[in-house]
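Input: a single structure, listed below in structure tokens.
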Amino acid sequence: MKKWVMLSIRGAAVAFTLAFAVLLLLGLHSAGRTTAMDPPKVADYNKPGTTYIETTWKANITVPNLALDEQKLVNKLLPMVQTGAIANENDAVQAAINEVLTNPQDYIVPGAGSTSVPVQAAESGSGIIVTPDGYMVTNAHVVKKTDAELKQMLAQVGLSDLVNKFVTGFTQGLNSEGYNVTLTSDQTQKLSAAIATVYARNMTVQNPSSQSVMYMGVAAPGGTTEQKGTPLQIIKAGDAIPGKDVAVLKVDATNLPTVSFGDDKAVQDGQQAIALGYPAAATFNPALKQSDENVKPSLTVGSISGRKTMPEGWEVLQTDAAISNGNSGGPLFNSQGQVIGITTFGSVNDAANSPGGTPQAVQGFNFAVPTTVINEFLSQTNVKPTQGELTKTYHEAVDLYALHHYSAAKDKLKQIADANPAFPYVAGMISDTTAKISAGQDEPVFPYPMYLMIALGLCALGTIGASGFFLVKSRLGGGTGATAATHAPTAPNAGSSQSGPVAPAGGVTAKAEPQTEARPAPSGPFKVVPEAAAAPGMTGEGTGPIPEAGPSAGGSSETRAPDAPAEGKPAFIAGSVAPKEVEAPTEEVSKANLAAVPEPAEAAAAETGAQPEGEAEEMPRFCVHCGHPLPADARFCPSCAKEVKRQ
């Protein structure tokens, strides 16, 4: 039993070592590998951390009243009258109208007097949350304007009422004089832009201010967007393109969803690029229901087209993923769902080649500021992108939901809701999972990861295999065998006071141990025979039973009587044999065994447990016919007298 316990312990140790190595390799493999995700999963993972940003500018402005530069218009038309191109007054008026509508910026000028009005204008963009305690990143132009940019925006958006009033008065004045003037949409747009430009060049701005707010996920019904937005603080902002168009923001909140950063330098041309953001064309399209419920991120997919160098020497990523106004500051992901840049600007064609002379966006040639540049701004503000614990839990819930493990997903979602009730999309997913569970669509989750079950299986198999290996090794004599060494008694020597065991025949050394317990011989059919030769001083020539050892001639020590042998198996104890009739061996057997009597040096080595010099330890041999131990050089078994071959 003790051997089996030791063998099991050895086997278990080996097996658990192997299992630990397998688990370690699996863990290292998983840690070093980032799994590619399809675009819908990238969107599901990162929608909570992709935000809608709106900045509102307010100011009191004073603008001049506008007038028409009639003298400049006459100077333009006079050569046409002189050459006969204009034949009458009606032709002259029509030519004047066409000239003003074609080149309004040349003829609309400041007039007498001015008008002061409070105005406000707003622009929207996208952003990303990079830490759970509220640090964010977007484009600088989403939250910051130069004086010239601010004036132009206020004139176009904040003074829209004044612009529309001038356009309407211009057409009505011509029609009241009998001229039938109807402006096309292109003429109206050009005239409005010219008026706004004049206002912007000549306006005075007083008490300007701005406020940026952000919204996460789908806006809840009720209230205006501004009322539900969370105010943002600008920590650091660069310059709009061609400058480094990056801004670091801060929102006063915790337990926020986050996005993960990747290495834009590792991205190769042709690899997938996934854009997520709030383009105005999709968020505020007039054909859609005008509701905050439609304020949600849009997904577009493309690839990395290349890298381009900006005037200041830094690079931008080029992508054919579709973006438009409102995508600015939104994330551009790689196929692992990691941010590699923020979408910033697109391409427009030449105004001269555009319908109506207005530049048009050219899709397929868009650009993103890479994370390399973003990290410069974050380092300067001591911000390190960090994935939040709630975000990890949310990703787990998304994975469970995709596998129809709705109960497990719901548990994860409740954990998030308890920590942050405003975590986007969680409330909707809880309602959805509840409905699916009620509909009987829930599938249970296997409680342990598959790789762990594989490792435990290997551990069990290894335990069995290792135990079997050590058992076989012990049967073949690997140091834990079941058979005891057979000892011959030593004869009393001159000057010796006690008798003791010697090494077994065949030269195999055995460490001398106190004879406290008899060991059984191998099971199987066998005959009991004496040792190969009697020690000096004993009777017989190896053909009779060995007498019990008595006191030595020169001493008073006595030999201990042998313990009872195991039931059914005789014991082989040095100095005694079982009382049985012994079959006389053949002459060849006797000679073979006589040749195997150990030398005195070997016997001495057996007593001390030392190995004779220059002699390697040999494995014990057993008869293949009866299982009896064999001397190392024996050709015939001393028990069954059958010939055996040396292995």
Side-chain angles (χ1 to χ4, degrees), residues 39-40 42-57 121-130 134 136-145 153 157 210-221 223-232 234 240 245-247 249 251 253 256-259 273-302 319 321-333 337 339-346 361 363 366-369 374 422-425 428:
V42 171
D44 288 340
Y45 266 35
N46 293 287
K47 284 191 298 185
T50 303
T51 67
Y52 171 79
I53 297 177
E54 187 174 273
T55 303
T56 302
W57 286 267
E123 282 193 354
S124 65
S126 305
I128 51 177
I129 305 174
V130 298
M136 299 177 57
V137 170
T138 187
N139 282 137
H141 73 259
V142 174
V143 296
K144 172 186 171 183
K145 299 292 181 186
M153 183 185 67
V157 181
S210 66
Q211 175 64 62
S212 298
V213 293
M214 76 93 174
Y215 315 88
M216 296 184 298
V218 180
T224 64
T225 302
E226 185 175 357
Q227 289 174 332
K228 290 175 293 188
T230 305
L232 293 171
I234 300 175
D245 201 344
V246 177
L249 313 174
V251 61
L256 296 178
T258 58
V259 297
I274 303 166
L276 200 63
Y278 294 83
T283 308
F284 304 108
N285 192 310
L288 302 175
K289 179 182 178 181
Q290 299 304 298
S291 168
D292 287 341
E293 298 174 33
N294 279 328
V295 181
K296 62 181 70 174
S298 298
L299 171 74
T300 56
V301 181
T319 178
I323 63 172
S324 63
N325 294 333
N327 274 108
S328 294
L332 185 69
F333 297 101
V339 176
I340 55 174
I342 52 175
T343 53
T344 304
F345 65 101
Q363 283 299 337
N366 302 310
F367 301 91
V369 176
I374 297 171
F423 200 101
Y425 302 101

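Quick caveat: nothing in here was measured; it's all calculated off a predicted structure. Note that these values count all heavy atoms, side chains included, but never hydrogens, waters or copies made by symmetry.
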message = To check you understand the geometry: which heavy-atom pair defines the closest contact between Ser210 and Thr55, and what is its length?
response = CB-CG2, 4.3 Å
query = Does the side chain of Met153 reach to within under 4.5 Å of the side chain of Lys145, using non-hydrogen atoms?
reply = yes
ask   = Side chains of Ser328 and His141: closer than 4.5 Å at any heavy-atom pair?
value = yes
task = Determine yes or no for a side-chain-to-main-chain donor-acceptor pair under 3.5 angstrom, with Thr258 supplying the side chain and Leu256 the backbone.
result = no
query = When you measure from the side chain of Asn46 to the backbone N and O of Ala43, does any donor-acceptor pair fall under 3.5 Å?
reply = no
ask   = Can you say whether the rings of Phe345 and Phe367 are parallel (under 30°), tilted (30 to 60°) or perpendicular (over 60°)?
value = parallel
inquiry  = Test your reading of the model: is there a side-chain donor-acceptor pair from Asn139 to the backbone of Asp245, 3.5 Å cut-off?
reply    = yes
inquiry  = If I take atom CD1 from residue Ile323 and atom OG from residue Ser298, how far apart are they, to the nearest 0.5 angstrom?
reply    = 13.0 Å
query = Does CG in Asn325 sit with more than 12 non-hydrogen atoms of other residues, nucleotides or ligands closer than 6.0 Å?
reply = no
message = Between Ile274 and Leu299, does the side chain to side chain contact (heavy atoms under 4.5 Å, CB included) criterion hold? Intermediate values first, please.
response = CA-CA 7 Å; Ile274 303 166; Leu299 171 74; 3.1 Å; yes
ask   = Where do Met136 and Ile53 land on the side chain to side chain contact (heavy atoms under 4.5 Å, CB included) test, with the steps shown first?
value = CA-CA 11 Å; Met136 299 177 57; Ile53 297 177; 4.1 Å; yes
request  = List the atom of Val143, the atom of Ser212, and the distance in Å for their closest heavy-atom pair.
outcome  = CG1-OG, 3.5 Å
request  = Considering non-hydrogen atoms only, spot the tightest contact between Tyr278 and Ser126 and give its length.
outcome  = N-OG, 2.9 Å
key: Close side-chain approach of Glu54 and Tyr215, heavy atoms under 4.5 Å   = yes
request  = With the side chain counted from C-beta on, respond yes when Ile342 and Ile128 share a heavy-atom pair under 4.5 Å apart, and no when they do not.
outcome  = yes
request  = Indicate the atoms forming the closest heavy-atom contact of Thr51 with Met214, along with that distance.
outcome  = CG2-SD, 3.9 Å
note = Between Pro331 and Val339 the two heavy atoms that sit nearest each other are CB-CG2, 4.1 Å
query = Any donor and acceptor pair, going by atom type alone, linking the side chain of Thr300 with main-chain N or O of Ala321 inside 3.5 Å?
reply = no
message = For the CE atom of Met216 and the OH atom of Tyr425, what is their distance to the nearest 0.5 Å?
response = 10.0 Å
note = Heavy atoms of Leu232 and Leu249 approach each other most closely as CD1-CD1, 3.7 Å
